[in-house]
Amino acid sequence: MNRETLYSIIIIIVLCVIAVGMLIVQGRFEPQDFFAVEFQKDKPGSQVKQISPPDDVLSAFAIDGYKPMGEKEEFNEENLSDKINGKADLYLECGFVSMASRRFADIGEPSRWFEIYFYNMGEPQNAYAVYSQQRRRERKDSSVAPLAYTVENAVFFMNGKYYFEIVSAEASDEMVLAVEQAAAALMKSMPPEPFAPRELSFLPEENRIKGSEKLFLKNAFGFDKFPPVLLAQYNLNGDEITVFIAALEEDAKPLMVEYVKFMKEIGATETADAIPPIPDAVVMEMSGETEIVFVHGNILGGIHAAAKRESALALIPSIYEKAKNSK
Amino acid sequence: MVREAEQNNETISRRRFLIRMAKAGVAVAAAGGLGALLYDPLGPGARKNIAAVSLPDFSIPNLAPKMAIVSGSDRKATAQKALEALGGIGTFIKQGDRVLIKVNAAFATPPILSATTHPDLVGEVITLCLKAGAAEVRVTDNPINDAASCFQLTEIGRAVEKSGGRLYMPKESYFAPASVNGGELIRDWPLLYEPFKGVNKLIGLTPLKDHHRSGASMTLKNWYGLLGGRRNIFHQDIHNIIKELGMMARPTFVILDGTMAMMTNGPTGGAISDLMAANLMIASTDPVAADAFGATVLERKTASLPFIRKAAEAGCGTADYETLKPERLSI
C-alpha cells in the first residue's frame, strides 16, 4: 500500500467517525429545544450573561419596612417576552440589553407589594425611547430621579441608559410614597445622568404640550427609512397637533422625497391649493387628515395626521423657523 | 508500473483516468444518496413517541351565535346578566359537564392593573358552572414565566380554590404536539393539552387590552396561552397566529371583560392611568364578534386589527357583530 492510499483510507475513516458522531448527536432529540415548555428550562436567570454593577443593584437592594418576596429575576433578549409578553417587542426594537426585576412586600402587610423593573437599554437614547413612548398622560412629576413621574400606583423614570418602572399592587398615597422611596434608594446607587434627545432643541417651546415628546428610533409612521424621529404634541387654539422632527447626518432632501413617495403609495395625495409660507414644504392629505413635511439642511420636520388643515398650516411656520435657526 | 509512472508525475493512462472518474462518481452519488435518504423534510418536530392531538369543537351544536353587552362596574353581576342574556348558563353547561376555563394569567401582576383575568370574574363563572351541574371546572393558562407566581399574584389561584374549581398549573408533561387543520403556523406545536382531557366545554375569560404588537389582546388572542415552546417567534406573524388560534379553539362561549379596559401600554400596562372604566362585560358564543366589539371600546378601527378580518375569513365568526343583534343591558 503506497502512502497516498494510506492517507486516503485514514481520511475516509476520520470522515466516517465524524459522520457516525453526527448521527448519534442528531439522533438524540432534545425536546427542550423544539418542544417543551420553556419555563421548566428557562428559570429566570438561567440564560443571562454576567451582569455588572449597577445592573446588579437589585440583588442587595433594601428599603425600610419592606422585604424581598423572592429572588431577583433576570431576563435577556431571548426570554424577555416570558416576563412581559408582547411588550417585549417595544424594548427589543429599542436596543434592549437586559432586565432585572424583584418584588418587595410590606413586612407588616404582605398584600402591599411592589415590583421593580430595571431595564438596561444600552444607550440613554434607547432608554428615552421606551420611557417616552410609554409616558402616561395623567401623571405627576416627581423629583426623585431624572424625568420621574408618578401615577396612582407607580413611579417611572430613567437615568442614563437605564429605564425603571416601580409598580405597586395597590393604588394609594402610601404606596406611591413607598415606590418613590424605592426610586430614591435606587438612585443612590448610581450617579444622576439626565438626558434630553438632541432633536428637542429643534422644536419650539411655545404651544408644546410639556412631556408629550416621544422618541421613535425607527419606523416612525411605518416608514422604515426614517432615522430617529421625535414627536411632540402642540396645542393650537384647542387643536392638538402632532409635530415631528429628525436630524440627519446629511442633507435631508432625498429622505423627504422618499417619505412623500411612501405617503403617496399608501394613499396620500399632494395638495397644491394650500402651500405654507416656507420653502421646500409638501402638503398632503390622507383620509381627511393633513400631513406636512419640510426640510432645512439636515433637518426634516413636519406635521403628522392633523385633523384640521388650517391649524396645521398655522403652526408649521413656527416649527420651520425654529429648525432653521437651531444649530 | 502505471502507479509508479503517476507518482513520478508522468502521463496518466486513459483507462486509469476513467476508473478514477468512475470511483469518484460512485463516491459522490453515494454521499448524495445517503443525504437524500436521511433528509427529513419536516425538520425537527414534535416528539415521535407522543401522538399529535387537536381540539374538538366545544360550541353548542345548532345554537345560533349570540352576544350580550352589559354595562356595569360589578363584574360578578355583569357576567351573570350577560350569560342570562345568552339564554342562561344552563344553555351551555349541563349536568355532569366537565368544563375548562382558559384565563389570562400571563403576568405576575395584581388585579388592579387589569393585565390578567380578574379573579372576581373567574370565581363567578366557576360558581355558575358548578351551580348548573358541572361535575368539574378546571382553570388553566401557560404564563411561561413562573406560573405559580402568576396564579398567586393575579389572585386567580385563590379565586379558583375558593369557588371550587381545579387549577391546572402547566407542567412539561401536560403538553402534546398539536396541529391546526389548514393552519400554517401551528403544526406539531406543543399545546397545553392535559387540562383538555375529558373536558366537553371550553370557556375563555379575557381582559380587554391594548397590545403593543397585535393592536389589541382580546378573546382570540387569549388562546395564545395554550401554546408552549418558543411561542414568542409567532410575534413576527401575530395576526396570522391569532387567526389560527381562532381556528384551533372553538369555545362554548367567551367573556370579554371591559370593566377596566387597558387603553394604552398593553399588554402589561403598569399604571392605573393606562385603564379606562369602560364598565362593559361582553359575553358571546362568537369570539370574532366579541373582539370586533372590543375593538370599538379600545377606539380601534377593525381594519387596524387584521386578525379580526382574518379570523372571520377563516370561518371563526363574524366581524359584523351587529348581525348577532347583541342584547344591550345595564345593571
Side-chain angles (χ1 to χ4, degrees), chain A residues 2-5 12 19 23 26 29-44 69-70 73 75 78-90 92-93 101 103 111 113-115 117 133-139 150-154 156 165-171, chain B residues 3-4 6-7 27 34 38 43-48 50 106-113 115 142-147 149 153 170-175 177 188-190 192 211-214 217 221 224-225 227-232 235-236 238 264-274:
Chain A
N2 66 31
R3 209 186 315 161
E4 279 187 353
T5 307
I12 287 168
L23 212 61
Q26 295 297 321
F29 179 65
E30 276 294 339
Q32 297 280 19
D33 289 344
F34 302 106
F35 180 80
V37 276
E38 297 301 315
F39 70 92
Q40 295 284 350
K41 180 184 173 188
D42 297 341
K43 289 288 182 205
M69 288 171 73
E73 294 180 288
F75 300 87
E78 292 295 320
N79 62 0
L80 180 64
S81 67
D82 292 358
K83 179 71 175 173
I84 61 170
N85 199 306
K87 182 70 82 66
D89 293 326
L90 168 66
L92 296 173
E93 288 159 6
S101 69
R103 297 184 197 95
S111 66
W113 57 273
F114 61 80
E115 184 163 11
Y117 299 80
Q133 286 184 47
Q134 299 180 86
R135 184 158 42 187
R136 278 72 182 178
R137 283 187 81 116
E138 291 169 27
R139 63 182 183 271
T150 61
V151 296
E152 299 100 309
N153 65 309
F156 303 89
E165 297 186 340
I166 308 180
V167 178
S168 162
E170 185 182 291
Chain B
R3 218 166 262 180
E4 274 174 22
E6 285 168 12
Q7 281 169 5
L34 188 67
L38 295 175
R47 281 189 282 201
K48 303 290 186 287
I50 294 179
F107 312 111
T109 54
I112 61 160
L113 296 185
N142 176 27
I144 293 193
N145 175 237
D146 196 9
S149 296
L153 297 177
K171 297 178 188 171
E172 188 180 338
S173 60
Y174 282 6
F175 287 78
D188 278 336
W189 195 266
L192 180 55
H211 192 280
H212 177 75
R213 194 77 189 184
S214 62
S217 174
K221 171 79 170 56
Y224 195 74
L227 301 179
R230 297 177 190 275
R231 68 186 186 196
N232 58 338
H235 278 151
Q236 304 310 313
I238 193 75
T264 54
N265 290 316
T268 53
I272 303 292
S273 57
D274 292 327

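In what follows, chains are A, B, ... by sequence order, proteins preceding strands, each numbered from 1. FYI, side chains are in, hydrogens and waters are out, and symmetry mates aren't considered; it's all heavy atoms of this structure.
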Novice: Given a strict heavy-atom distance threshold of 4.5 Å, which part of I238(B) is in contact with chain A: side chain, backbone, both, or neither?
Specialist: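 Neither the backbone nor the side chain of I238(B) comes within 4.5 Å of chain A.
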
Novice: Would you say that L113(B) contacts N153(A) through its side chain, given a criterion of any heavy-atom pair below 4.5 Å between the two side chains?
Specialist: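 The answer is yes; the side chains approach within 4.5 Å.
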
Novice: In terms of heavy-atom proximity below 4.5 Å to chain B, should R137(A) be classed as side chain, backbone, both, or neither?
Specialist: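 Contact with chain B is absent: no heavy atom of R137(A) under 4.5 Å.
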
Novice: Between chain B and each of R103(A), Q133(A), K87(A), R139(A), count heavy-atom pairs under 4.5 Å; write down the option with the most.
Specialist: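 Maximum pair count with chain B is reached by K87(A).
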
Novice: Which region of I272(B), side chain (C-beta onward) or backbone (N, CA, C, O), has a non-hydrogen atom less than 4.5 Å from a non-hydrogen atom of chain A, or is it both or neither?
Specialist: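 Backbone plus side chain of I272(B), per the 4.5 Å heavy-atom cut-off to chain A.
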
Novice: Is P143(B) close to chain A through its backbone or its side chain, or both, or neither, when contacts mean heavy atoms under 4.5 Å?
Specialist: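 When you check distances to chain A, only backbone atoms of P143(B) fall under 4.5 Å.
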
Novice: Show the nearest heavy-atom pair for residues F114(A) and S168(A), with the distance to one decimal.
Specialist: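 Looks like CB-CA, 3.8 Å.
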
Novice: Between A171(A) and chain B, which part of the residue has a heavy atom less than 4.5 Å away: side chain, backbone, both or neither?
Specialist: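 When you check distances to chain B, atoms from both the backbone and side chain of A171(A) fall under 4.5 Å.
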
Novice: Checking E138(A) against chain B: side chain, backbone, both or neither under 4.5 Å from a heavy atom?
Specialist: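 E138(A) touches chain B through backbone and side-chain heavy atoms alike.
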
Novice: Side chain, backbone, both or neither: which part of T109(B) has a heavy atom under 4.5 Å from chain A?
Specialist: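 It is both, since atoms from each part get that close.
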
Novice: Parallel, tilted or perpendicular: which one describes the rings of H235(B) and H211(B), with boundaries at 30° and 60°?
Specialist: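 Rings of H235(B) and H211(B): tilted, as their planes differ by 30° to 60°.
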
Novice: Of all residues at least two apart in sequence or in a different chain, which pass the salt bridge (charged side-chain N to carboxylate O under 4.0 Å, His left out) check with E165(A)?
Specialist: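 Listed in chain order: nothing, the list is empty.
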
Novice: Considering residues at least two apart in sequence or located in another chain, which fulfil the side chain to side chain contact (heavy atoms under 4.5 Å, CB included) criterion with T264(B)?
Specialist: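 With sequence neighbours excluded, T264(B) shows a side chain to side chain contact (heavy atoms under 4.5 Å, CB included) to D274(B), given in chain and number order.
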
Novice: Would you mind telling me which of N85(A), T150(A), V167(A) has the largest number of heavy-atom pairs within less than 4.5 Å of chain B?
Specialist: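 Highest number of pairs under 4.5 Å: N85(A).
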
Novice: Is the shortest heavy-atom distance from the side chain of N142(B) to the side chain of Y174(B) under 4.5 Å?
Specialist: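 With C-beta onward as the side chain, the pair stays apart.
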
Novice: Is it the side chain or the backbone of A108(B) that comes within 4.5 Å of chain A heavy atoms, both, or neither?
Specialist: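 Interface part for A108(B): both.
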
Novice: With a 4.0 Å cut-off, would you call R136(A) and E152(A) a salt bridge?
Specialist: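 Between E152(A) and R136(A) there is no salt bridge, as every charged N stays at least 4.0 Å from the carboxylate O atoms.
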
